[in-house]
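This report refers to the structure that appears directly beneath it.
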Amino acid sequence: MRIWVSRPEPGAGRTARRLAERGHAALVAPVLRIAPSDGPPPAGRFDGLILTSANAAAPLAGAGLPAAPVFAVGARTAERAARAGLHPVLCADGDAADLARLVAGHVRPGGALLHAAGEDRKAEPAARLTAEGYRVTTWTAYAALAETALPEAAARALRDRDGAPPLTAALHFSRRSAEIAAHLCREAGLSGAFRALAHYCLSADVAAGLVELGVAAHFVAARPSEEALLAGLAASD
């Protein structure tokens, strides 16, 4: 298949390479771009550092905070944290609920936690941990900025005018990127072509965002990981 990868870099390039290893052709056309935050990191000592996105790993490593255990939501985020020099790194290998349970297994209630996250983020796991008695500080470590127009490569492929095999599927790694992709396609007059793709979604939340826009999800990963998402391609062969 030829598959649209709309997630931001550097993740998009890595996903494209993994698709090529599986015999698929990737169209890398991100609808989001990662930008550093202007806000300084909070001062003080924390009992644990929380990462729900790999994009926050490098900013957290560069923040100069006292050493503390790092709790990562998934394997890719844990890997990026370790490569950035953070340690020790513990991996929940799941979703926000799994991450909250991991933290609770290592830090006593009342402990101080720092959640390094993006500007656009969900309430969990901070809300759950706060309710359980933890003192959670959230630091906006980066922003994911939406493109103002559909990338030209995606527009040409959806119009079947780029001389390459037809675009048949799209991978969606976040609800926001999926919704932005749908919005930009609508603005470009390509809603029909977008809906006709087979949409592979990282989670039920990502799929729900598409369904609310009238776009059917072809596949929803059993767990929110790239491995589980790509497994859906094999199931569709």
When hydrophobic residues are tied together by side-chain contacts of less than 4.5 Å, even through go-betweens, does [X] share a cluster with [Y]?
{"X": "V220", "Y": "V206", "result": "no"}
{"X": "L102", "Y": "L113", "result": "yes"}
{"X": "V73", "Y": "I50", "result": "yes"}
{"X": "L230", "Y": "L202", "result": "yes"}
{"X": "L99", "Y": "L90", "result": "yes"}

Between [X] and [Y] (side chain of the first, backbone of the second, donor and acceptor by atom type, cut-off under 3.5 Å), is there such a pair?
{"X": "H24", "Y": "M1", "value": "yes"}
{"X": "W139", "Y": "L114", "value": "no"}
{"X": "R2", "Y": "P165", "value": "yes"}
{"X": "H218", "Y": "C201", "value": "no"}
{"X": "R161", "Y": "R156", "value": "no"}
{"X": "R22", "Y": "L19", "value": "no"}
{"X": "D160", "Y": "P166", "value": "no"}

Inset, instruction - With sequence neighbours left out, write down each residue that passes ring pair (Phe, Tyr, Trp, His ring centres under 6.0 Å) with H106, or none if nothing qualifies. - result: F71

Starting at [atom1] of [X], measure out to [atom2] of [Y] and round the result to the nearest 0.5 Å.
{"X": "L210", "Y": "R195", "atom1": "CG", "atom2": "CZ", "answer": "12.0 Å"}
{"X": "F173", "Y": "S225", "atom1": "CZ", "atom2": "OG", "answer": "9.5 Å"}
{"X": "T77", "Y": "L51", "atom1": "OG1", "atom2": "CG", "answer": "7.0 Å"}
{"X": "E152", "Y": "D162", "atom1": "CD", "atom2": "CG", "answer": "10.0 Å"}
{"X": "C185", "Y": "L150", "atom1": "SG", "atom2": "CG", "answer": "5.0 Å"}
{"X": "S174", "Y": "K122", "atom1": "OG", "atom2": "NZ", "answer": "7.0 Å"}

May I ask you to say whether [X] pairs ionically with [Y], meaning some side-chain N is under 4.0 Å from a carboxylate O?
{"X": "R176", "Y": "D205", "value": "no"}
{"X": "E227", "Y": "R76", "value": "no"}
{"X": "R14", "Y": "E9", "value": "no"}
{"X": "R175", "Y": "E179", "value": "yes"}

Minimum heavy-atom separation for [X] and [Y], please, with both atom names.
{"X": "P125", "Y": "A96", "answer": "CB-O, 3.6 Å"}
{"X": "G94", "Y": "R223", "answer": "CA-NH2, 3.1 Å"}
{"X": "G111", "Y": "D47", "answer": "CA-OD2, 3.3 Å"}
{"X": "A81", "Y": "V89", "answer": "CB-CG2, 4.1 Å"}
{"X": "A57", "Y": "A84", "answer": "O-CB, 4.1 Å"}
{"X": "A141", "Y": "A56", "answer": "CB-CB, 4.1 Å"}

Inset, instruction - Would you please test I34 and L145 for side chain to side chain contact (heavy atoms under 4.5 Å, CB included) and show each step? - result: CA-CA 6 Å; I34 303 301; L145 306 178; over 6 Å; no

Does any part of the side chain of [Y], heavy atoms only, come nearer than 4.5 Å to the side chain of [X], both counted from C-beta?
{"X": "L184", "Y": "L190", "answer": "no"}
{"X": "E147", "Y": "L32", "answer": "no"}
{"X": "V215", "Y": "H199", "answer": "yes"}
{"X": "L60", "Y": "L49", "answer": "yes"}
{"X": "H172", "Y": "S6", "answer": "yes"}
{"X": "L197", "Y": "L167", "answer": "yes"}
{"X": "V31", "Y": "P151", "answer": "yes"}
{"X": "N55", "Y": "R80", "answer": "yes"}

Inset, instruction - Taking side chain to side chain contact (heavy atoms under 4.5 Å, CB included) as the test, write out the residues that go with E132, two or more places apart. - result: A104, R128, L129, Y134

Quick one about [Y] and [X] (side-chain donor to acceptor, distance below 3.5 Å, no hydrogens or angles considered), yes or no?
{"X": "R7", "Y": "T15", "answer": "yes"}
{"X": "H115", "Y": "T52", "answer": "yes"}
{"X": "E119", "Y": "S37", "answer": "no"}

Legend entry - Test log, rule side chain to side chain contact (heavy atoms under 4.5 Å, CB included), inputs V5 and R18: CA-CA 11 Å; V5 181; R18 297 198 68 189; over 6 Å; no

Inset, instruction - Verify side chain to side chain contact (heavy atoms under 4.5 Å, CB included) between L27 and I3, making sure each step is shown before the conclusion. - result: CA-CA 6 Å; L27 171 71; I3 303 169; over 6 Å; no

Inset, instruction - Just say parallel, tilted or perpendicular for the rings of F219 and Y200, cut-offs at 30° and 60°. - result: tilted

Legend entry - R121 vs S53, side chain to side chain donor-acceptor pair (under 3.5 Å): CA-CA, chis, key distance, verdict: CA-CA 10 Å; R121 55 181 173 267; S53 169; over 6 Å; no

Legend entry - Pairs flagged by salt bridge (Lys or Arg N to Asp or Glu O under 4.0 Å) wherever residues 81-93 is involved - sequence neighbours left out: E79-R83

